[in-house]
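Working notes, structure below.
Note that ligands are numbered from 1 as they come in the structure, with each ligand's atoms numbered from 1 the same way. On a predicted model such as this, the values are computed, not experimentally measured, just so you know. The figures here come from the full heavy-atom set of this structure, side chains too, leaving out hydrogens, waters and symmetry mates.
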Amino acid sequence: MFDTLSDRLRKTLANLTGRGRVNEADVDAAAREIRLALLEADVNFKVVKDVVGRIREKAVGTEILGSLSAGQQIVKIVNDELVELLSVGDRTFKLQGNPAVISLVGLQGSGKTTTAAKLARHVVKLGRRPLLVAADPYRPAAADQLATLGKAIDVPVYRAPAGTPTLDVVRGALDEAKRLTRDTIILDTAGRTTLDETLMGEIAAIDKAVHPVETLLVVDAMTGQEAVTVAQAFGAAVPVTGLVLTKIDGDARGGAALSIATVTGIGVKFMGTGEKTDALEVFHPDRLAGRILGMGDVLTLVERAQETVDAAQAQRLEEKLRKAEFTLEDFLEQLQQVQKMGPIGQLVSMVPGLGGMAKDAQAAVDRGELKRTEAIIRSMTRHERRDPAVINGSRRRRIATGSGTSLTEVNRLIKQFMEIQRLMKQLGGARGRGMLGGLPVGPR
Ligand SMILES: Nc1nc2c(ncn2[C@@H]2O[C@H](COP(=O)(O)OP(=O)(O)OP(=O)(O)O)[C@@H](O)[C@H]2O)c(=O)[nH]1
Ligand SMILES: [Mg+2]
C-alpha cells in the first residue's frame, strides 16, 4: 500500500545514493521531494513538517564517513526518521492476567472480527489457550462470523443469546474461560461510530468491569487522515493500549499509519496484511520503514559496512586505485569481502571507487556471476593475477578448465580488466573514486 510513497522516496534518494559529496542545495531539493511525497501519502501535515525539518538538519550536518557516500547516509537519516515516526508508544503485547483479557474496539468494518481470529492464532503460537468472545449482542450475524472463524482455527467461541447485554456477555465469557481452562479471552466488540455515545459508553463499561490488559483499537489503514480523529475519540472513551492497522495490503496511501501513532502517542502493535487468519504481523517499525523506502539493502549495508569494512584495507585500496596498481588479486579480495558481508550487490557501491556499479553488481550476483568471476581469478597463479598480460592462450584454457567456466568468459574478464588498467594509467594520479565504473563484476 505504500507503493506511491515508496516510489517517490526511492526516486529522490536514488539521485543521492551514488554521490560522495552532497551540498546544501541537494539536501534542500531532496527535503522538498520528501515533503511532497509524505503529504501526497496523506501523512499529517504537522508530522511532515517536523520530520522533514529533522531530516534536513541532520543531513546538512552530516560528515562524510570513511567509505560511505553522503547520499547513502541521507537514505539512512530518512530511514531513521521514519523508524522514529513509527516507533512511538509502548509496542509490547501484554498477556498478563488469568485470564488475560484482550478487547478489540474500532469503527464498523475496520477488521475487528478478522483481527480477533488472527490474534487467537497468534496467542496459540505463544503457547496460550484463547477463547474468542462475540461481544456484539446486536447482530447475530457478527457472532456467526466469529463462530465460523473460530471453527476454522480450532479455537472455541463464546456467544450469548441475541439481546444479552454486553456486560453480561463478557461476564459469561469469564465463566466459560474458567470452565474450559482458557487463559486468554479475546473480545470482539460491536463496531461503532465515534458519534454513537451509547456504544462508546458501553466499551467504557466493559473496561471498568473486566480491566482488559490490552484494549486494541483496530484501524483500517485506508481510513486516511480521519484515522487520527477516530483514535482520539476512542482514546477518550477507553484507555487504548495499542493499535492494530488492518488492510495494510490494500492500496491506501499509508499516511494514517505514519501519523496516527505520532499524533496520539499510542503504539502500533500489529498489522493486518490480508483477509486470511494468518495475515497478521507483529509491528516492526524498522521493517515497515525499510519496506516504505525499499532500500533495506542499502541500510543493512550502511550498517554492515560500518562494522565490516576494514578502514585500513579501504585506505590501502584507494591508494592502489590512485596509483593504478589495482590488480586482479585486489579484485579477488574485494569479491571475498563482498561475500563476507552478504549476498547483496548494493554493497559494491560501498567499496571506495566502485560507486555506480551497484546495479550491475546486483545483477551479477543474481546471475551467480560473482562466483564465476571469483573462480576464474582463483584459477590463476599469483603471477597471473598481478600481471594478466602474461596469460597466453594455453594459460587461458587451463584457467577456464580449472574454474569450470569457458574460454570466452576468461577472455572477456581479462580483456575488460586490462582495459581498465590502461584507463587507470591514463588517468594516473587522479582520484580513484568513481573511476572504476566499468570494472567487470562478472564475465558478460
Ligand atoms: N485485505 C484485508 N482485508 C481485511 C483485513 N482485515 C479485515 N479485512 C476485511 O475487512 C472486512 C471487514 O472485516 P471484519 O473483521 O468483519 O470487520 P469488523 O470490524 O469486525 O466489522 P463490524 O463487526 O461490522 O464492525 C472483511 O471483508 C475482512 O475480510 C486485512 O488486514 N486485509
Ligand atoms: Mg465484527
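- By the criterion of a separation under 2.8 Å, the protein N/O/S atoms near the Mg ion (ligand 2) amount to Thr113 OG1.
- No side-chain donor-acceptor contact under 3.5 Å links Arg182 to the backbone of Pro99.
- Within the structure, salt bridge (charged side-chain N to carboxylate O under 4.0 Å, His left out) pairs that include any residue of residues 236-246 do not occur (at least two apart or interchain).
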Pairwise, report which nitrogen or oxygen atoms of ligand 1 are under 3.5 angstrom from protein nitrogen or oxygen atoms, and how far apart they are.
unit_1   : atom_1 : unit_2 : atom_2 : d
ligand 1 : 1 (N)  : Asp249 : OD1    : 3.3
ligand 1 : 1 (N)  : Asp249 : OD2    : 2.7
ligand 1 : 10 (O) : Lys247 : NZ     : 3.2
ligand 1 : 15 (O) : Thr113 : N      : 3.3
ligand 1 : 15 (O) : Thr114 : N      : 2.8
ligand 1 : 15 (O) : Thr114 : OG1    : 2.5
ligand 1 : 16 (O) : Gln145 : NE2    : 2.9
ligand 1 : 17 (O) : Gly111 : N      : 3.0
ligand 1 : 19 (O) : Ser110 : N      : 3.2
ligand 1 : 19 (O) : Gly111 : N      : 2.8
ligand 1 : 19 (O) : Lys112 : N      : 2.8
ligand 1 : 19 (O) : Lys112 : NZ     : 2.7
ligand 1 : 20 (O) : Lys112 : N      : 3.4
ligand 1 : 20 (O) : Thr113 : N      : 2.8
ligand 1 : 20 (O) : Thr113 : OG1    : 2.7
ligand 1 : 21 (O) : Gly109 : N      : 3.1
ligand 1 : 23 (O) : Arg139 : NH2    : 3.0
ligand 1 : 24 (O) : Arg139 : NH2    : 3.1
ligand 1 : 25 (O) : Gly109 : N      : 2.9
ligand 1 : 25 (O) : Lys112 : NZ     : 2.8
ligand 1 : 29 (O) : Glu275 : OE1    : 3.1
ligand 1 : 31 (O) : Lys118 : NZ     : 3.2
ligand 1 : 31 (O) : Lys247 : N      : 3.0
ligand 1 : 31 (O) : Gly272 : O      : 3.2
ligand 1 : 31 (O) : Gly274 : N      : 3.3
ligand 1 : 31 (O) : Gly274 : O      : 3.2
ligand 1 : 32 (N) : Asp249 : OD1    : 2.9
ligand 1 : 32 (N) : Gly274 : N      : 3.3
ligand 1 : 32 (N) : Gly274 : O      : 3.4

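- In this structure, Glu214 contributes its side chain and Lys94 its backbone to a donor-acceptor pair below 3.5 Å.
- Residue Arg35 forms a side chain to side chain contact (heavy atoms under 4.5 Å, CB included) with just one option from Val48, Val43, Ile55, and that option is Val48.
- By the ring-ring contact (aromatic ring centres under 6.0 Å, His included) test, Tyr158 pairs with no residue at all, sequence neighbours left out.
- Remark: the backbone N or O of Thr241 is paired with a side-chain donor or acceptor of Lys269 at under 3.5 angstrom.
- Side chains of Leu131 and Glu176 form a contact here, defined as non-hydrogen atoms less than 4.5 Å apart.
- Across Val124 and Val155, no two heavy atoms sit closer than the pair CG2-CG2, 4.3 Å.
- Inter-residue side-chain proximity for Leu107 and Asp220 is flagged as unmet; no heavy-atom pair is nearer than 4.5 Å.
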